Amino acid sequence: MLEALKKNPKFTPRRGPVVLAILDGVGFGKYADGDAVKQSRMPVFTKLLKECPATKLKAHGTAVGMPSDADMGNSEVGHNAIGCGRVFSQGAKLVEEAVATGKLFKGDTWLEAVGNAVKNHSTMHFIGLFSDGNVHSHIDHLKAMLLEARKAGVARARIHILLDGRDVPETSALDYIDPFEIFLKEINAAGGDFRIASGGGRMVITMDRYGANWDMVKKGWATHVRGEGEFFTSAREAVTKLRERTGAIDQDLPPFVISDDGKTPVGAIADGDSVIYFNFRGDRSLEITSAFESGAEFDKFDRGHVPQVYYAGMMEYDGDLHAPRHFLVNPPEIDRTMDEYLCATGIRQIAVSETQKYGHVTYFFNGNRSGKFDEKLDEYVEIRSDVVPFEERPWMKCAEITDFVVEAIENRRADMIRLNFPNGDMVGHTGNFEAVVVAMESLDLALARICAAVKKAGGVLVISADHGNADDMLDHKKDGSVKLDGESNPSRKTSHSLNPVPCIIYDPESKGEYRHELRENLGISSLAATCIELLGFEAPADYDPSVLQFK
């Protein structure tokens, strides 16, 4: 049990609550072209940015524990950093180090998975996001594992590829598939039988999260495990023909199965096989893991025969549930989060979002912990997301989240409220600029209502984000000009940006305790100390500094 936080003699807390609003995917863009934040009508956000104490925070690269500053931030590492107030090495960096040093291949899990396939003369399967986006996975990790598996005596491997087009260019699948096929040929020339066996878009199969749409996992199970679906002779043929037929970008392509004869899948998963799920990020890994590891109690869909396999994840995806049972790399050990400190201090807290980001303001915010720190002080609220394409309903659950937050403020239900509006990120990933403008303007309406409630209650509103996205929706060249696709249209960008994000302090009852100018050159990990100070306490000594500069 942590000790209670000490009171801050320089600041007396306000009458009302501190509200932390995380505008997911909203940053400061470099270019006017493609910046949906700048091009949307957002009078409230613009006014707050102009009149309130405000600064820019880093939300990518080493500022959030990624390997380098060329790496995008993401919602998982962003909420980790915001919630724990410090920067921990994250999955991408930990896996990169484990692969580079060879530590991954000396661990018990790897040796057991390989040993199982060699002993049983069975197949070793690899399932995961097939790109170098480095948000959920990296193709270089997959290649390293395949080379080591062959070196260890694995004769047969099957790769089940989840097409990205979200953390990388939206129609880049063949840029990964074609060279990968050459890579596999080189392995097979030495006597191996390594092949791509199935695949599909990441937003169609396998990678659901928070129970938003289990049908995605059902489709993934049928595709990868049972080898059921539309047959193609190669991944290239599948992507080419499915694009022509559907017009979909990579993340939305239907599932496919590879077959040589049009009747038999080349890589269905069977008893005695080994399966590695090579994504390192947890949120979109837990449901497929549950499908593999759960027993008769599993009730999300009919799995049919569940093959008895050795299943392992790249990392432990949930430390409380200890899922999966076997994993290759230890996850970051995040402790002493803001929520835990506030519970130790007796502060009532509410965490709220819709399904798409509910786990981010709870599980990830709390350092990858599923449970509450205090049942009496912590309240978690999930507003169920609609199961529709985000560009068709870009306002998402903005109004419903706001309804709840306003009511909670008015009725003094908590001292600290944290919320996530997913719009800028989830709609931003679709690449649909017009839809993102609607999303941003819906967000602004929500901010107006929250500001009014905060002012009436005498509270403080902290506005920030976990990373950028909506601020950078077109691909740009180094000279700042927009790239063109094959048809001379602007090339859309669906990935996160490397741009800084806002930090705005709306404090209607300010007594001038801190300077209007906020600290600069900080990361989003500084938000924890900022909120703690606005609640009237001193932040832990090893937390990254607050943006506030007390007089």
Side-chain angles (χ1 to χ4, degrees), residues 113-114 116-118 120-131 137 139 142-143 145-150 152-163 173-174 176-202 204-207 217-243 245 250 253-278 288 291-292 303-312:
V114 168
N116 175 70
V118 173
N120 293 323
H121 304 287
S122 61
T123 304
M124 196 163 182
H125 299 265
F126 296 84
I127 307 172
L129 188 62
F130 192 69
S131 79
S137 68
I139 194 171
L142 170 63
K143 288 181 176 179
M145 289 190 292
L146 292 171
L147 288 172
E148 288 292 332
R150 184 69 193 103
V154 174
R156 178 182 163 97
R158 294 292 181 262
I159 303 95
H160 306 268
I161 61 175
L162 299 169
L163 306 179
L174 296 181
Y176 298 100
I177 289 171
D178 290 346
F180 189 75
E181 293 283 20
I182 295 172
F183 169 79
L184 292 181
K185 281 184 180 180
E186 293 172 353
I187 294 180
N188 293 336
D193 178 15
F194 286 27
R195 300 184 62 178
I196 295 175
S198 72
R202 59 179 282 182
V204 178
I205 65 171
T206 311
M207 283 179 60
V217 187
K218 179 181 179 181
K219 289 176 182 175
W221 183 268
T223 303
H224 311 314
V225 179
R226 300 175 67 86
E228 297 174 350
E230 186 173 2
F231 288 153
F232 296 89
T233 59
S234 69
R236 167 171 262 282
E237 180 193 30
V239 170
T240 302
K241 289 188 175 179
L242 290 172
R243 273 185 190 161
R245 183 194 311 162
D250 294 345
L253 284 174
F256 59 85
V257 177
I258 306 304
S259 172
D260 293 329
D261 59 9
K263 299 177 182 178
T264 309
V266 302
I269 298 175
D271 290 335
D273 287 351
S274 292
V275 179
I276 302 289
Y277 192 74
F278 63 85
I288 188 65
F292 272 104
R303 294 173 292 177
H305 171 67
V306 179
Q308 299 303 299
V309 300
Y310 185 94
Y311 177 85

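For clarity, every value in this text was computed on a predicted model and none was experimentally measured. Because only heavy atoms are used, hydrogens play no part in the values below, and waters and symmetry mates are left out as well, while side chains stay in.
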**Student:** Taking all non-hydrogen atoms of both residues, which atom of Ala117 and which atom of Ser274 are closest, and how far apart?
**Tutor:**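 Residues Ala117 and Ser274, closest heavy atoms: N-OG, 3.8 Å.
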**Student:** Any side-chain heavy atom of Pro307 sitting closer than 4.5 Å to one from Val225?
**Tutor:** yes
**Student:** Roughly how far, to the nearest 0.5 Å, is CG of Asp178 from CZ of Arg236?
**Tutor:** 4.0 Å
**Student:** Quick one: list whatever passes ring-ring contact (aromatic ring centres under 6.0 Å, His included) with His160, sequence neighbours left out.
**Tutor:**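 ring-ring contact (aromatic ring centres under 6.0 Å, His included) list for His160, sorted by chain: His125, His224.
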**Student:** Rounded to the nearest 0.5 Å, how far apart are NZ of Lys241 and OG of Ser234?
**Tutor:** 9.0 Å
**Student:** Quick one: closest heavy-atom pair of Ala113 and Met124, and the distance?
**Tutor:**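 Ala113 and Met124 have their closest heavy atoms at CB-CE, 4.0 Å.
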**Student:** Using the rule given for side-chain contact (heavy atoms from CB on, under 4.5 Å), can you reason through Leu147 versus Phe194, listing the C-alpha separation, both sets of side-chain angles and the distance that settles it, and then say yes or no?
**Tutor:** CA-CA 10 Å; Leu147 288 172; Phe194 286 27; over 6 Å; no
**Student:** Please lay out, stage by stage, how Arg202 and Asp250 fare under the test side-chain contact (heavy atoms from CB on, under 4.5 Å).
**Tutor:** CA-CA 8 Å; Arg202 59 179 282 182; Asp250 294 345; over 6 Å; no
**Student:** Between Arg150 and Asp193, does any NZ, NE, NH1 or NH2 come within less than 4.0 Å of an OD or OE carboxylate oxygen?
**Tutor:** no
**Student:** Do Trp221 and Val217 have side chains that get closer than 4.5 Å, going by heavy atoms?
**Tutor:**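 Result no, sub-4.5 Å side-chain heavy-atom pair not found.
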**Student:** Heavy atoms only: give me the nearest Val309-Ala270 pair and the separation to one decimal.
**Tutor:**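 Looking at all heavy atoms of both residues, the shortest contact is CG1-O, 3.5 Å.
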**Student:** By the definition side-chain contact (heavy atoms from CB on, under 4.5 Å), identify the one residue from Val275, Ile161, Ile196, Leu142 that meets it with Phe126.
**Tutor:** Leu142
**Student:** Does any part of the side chain of Leu253, heavy atoms only, come nearer than 4.5 Å to the side chain of Val204, both counted from C-beta?
**Tutor:**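 The answer is no; the side chains never approach within 4.5 Å.
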**Student:** Would you say that Val306 contacts Arg303 through its side chain, given a criterion of any heavy-atom pair below 4.5 Å between the two side chains?
**Tutor:** yes
**Student:** Minimum heavy-atom separation for Glu228 and Val257, please, with both atom names.
**Tutor:** O-CG2, 3.6 Å
**Student:** With rounding to the nearest 0.5 angstrom, report the OG to CD distance, Ser198 to Glu230.
**Tutor:** 13.5 Å
**Student:** On the six-membered ring of Phe231, is Lys263 placed so that its NZ or CZ lies under 6.0 angstrom from the centre and within 45° of the ring axis?
**Tutor:** no
**Student:** Check salt bridge (charged side-chain N to carboxylate O under 4.0 Å, His left out) between Glu181 and all other residues, then give those that pass, not counting sequence neighbours.
**Tutor:** none
**Student:** Restricting to non-hydrogen atoms, name the atom on Asp273 and the atom on Ser122 that form the minimum distance, rounded to 0.1 Å.
**Tutor:** OD1-CB, 3.3 Å
**Student:** Check whether any side-chain heavy atom of Phe232 sits under 4.5 Å from a side-chain heavy atom of Glu237, and report yes or no.
**Tutor:**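 Contact flag for Phe232/Glu237 side chains = yes.
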**Student:** Would you say Arg195 and Ile258 make side-chain contact, with heavy atoms under 4.5 Å?
**Tutor:**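 Of all side-chain heavy-atom pairs linking Ile258 with Arg195, at least one is under 4.5 Å.
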**Student:** Return the minimal non-hydrogen interatomic distance between Thr223 and Pro255, and the atom names on each side.
**Tutor:** OG1-CB, 3.4 Å
**Student:** Roughly how far apart are Ile288 CD1 and Lys218 NZ, rounded to 0.5 Å?
**Tutor:**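 Rounded to the nearest 0.5 Å, the CD1-NZ separation comes out at 13.5 Å.
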**Student:** Looking at the rings of Phe180 and Phe130, which for Trp means the six-membered one, are their centres under 6.0 Å apart?
**Tutor:**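 Yes.
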**Student:** For side chain to side chain donor-acceptor pair (under 3.5 Å), just list the numbers for Thr123 and Arg156, CA-CA rounded to whole Å, side-chain angles, deciding distance to a tenth of an Å, and then say yes or no.
**Tutor:** CA-CA 5 Å; Thr123 304; Arg156 178 182 163 97; 2.7 Å; yes
**Student:** Drop me the distance from Leu146's CG to Ile276's CD1, to the nearest 0.5 angstrom.
**Tutor:**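 Here the rounded value is 10.5 Å.
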**Student:** Do Ile269 and Phe292 come within less than 4.5 Å of each other through their side chains, counting heavy atoms only?
**Tutor:**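 The answer is yes, as the side chains (C-beta and beyond) meet within the 4.5 Å cut-off.
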**Student:** Please assess Glu148 against Val114 for the test side-chain contact (heavy atoms from CB on, under 4.5 Å), listing each intermediate value before the final yes or no.
**Tutor:** CA-CA 9 Å; Glu148 288 292 332; Val114 168; over 6 Å; no
**Student:** For the pair Val266 and Asp260, evaluate side-chain contact (heavy atoms from CB on, under 4.5 Å) and give the outcome as yes or no after the intermediate values.
**Tutor:** CA-CA 7 Å; Val266 302; Asp260 293 329; 3.9 Å; yes
**Student:** Taking the side chain as every heavy atom from C-beta outward, state whether Leu129 and Leu163 have any atom pair closer than 4.5 Å.
**Tutor:**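 Heavy-atom side-chain distance check fails, nothing below 4.5 Å.
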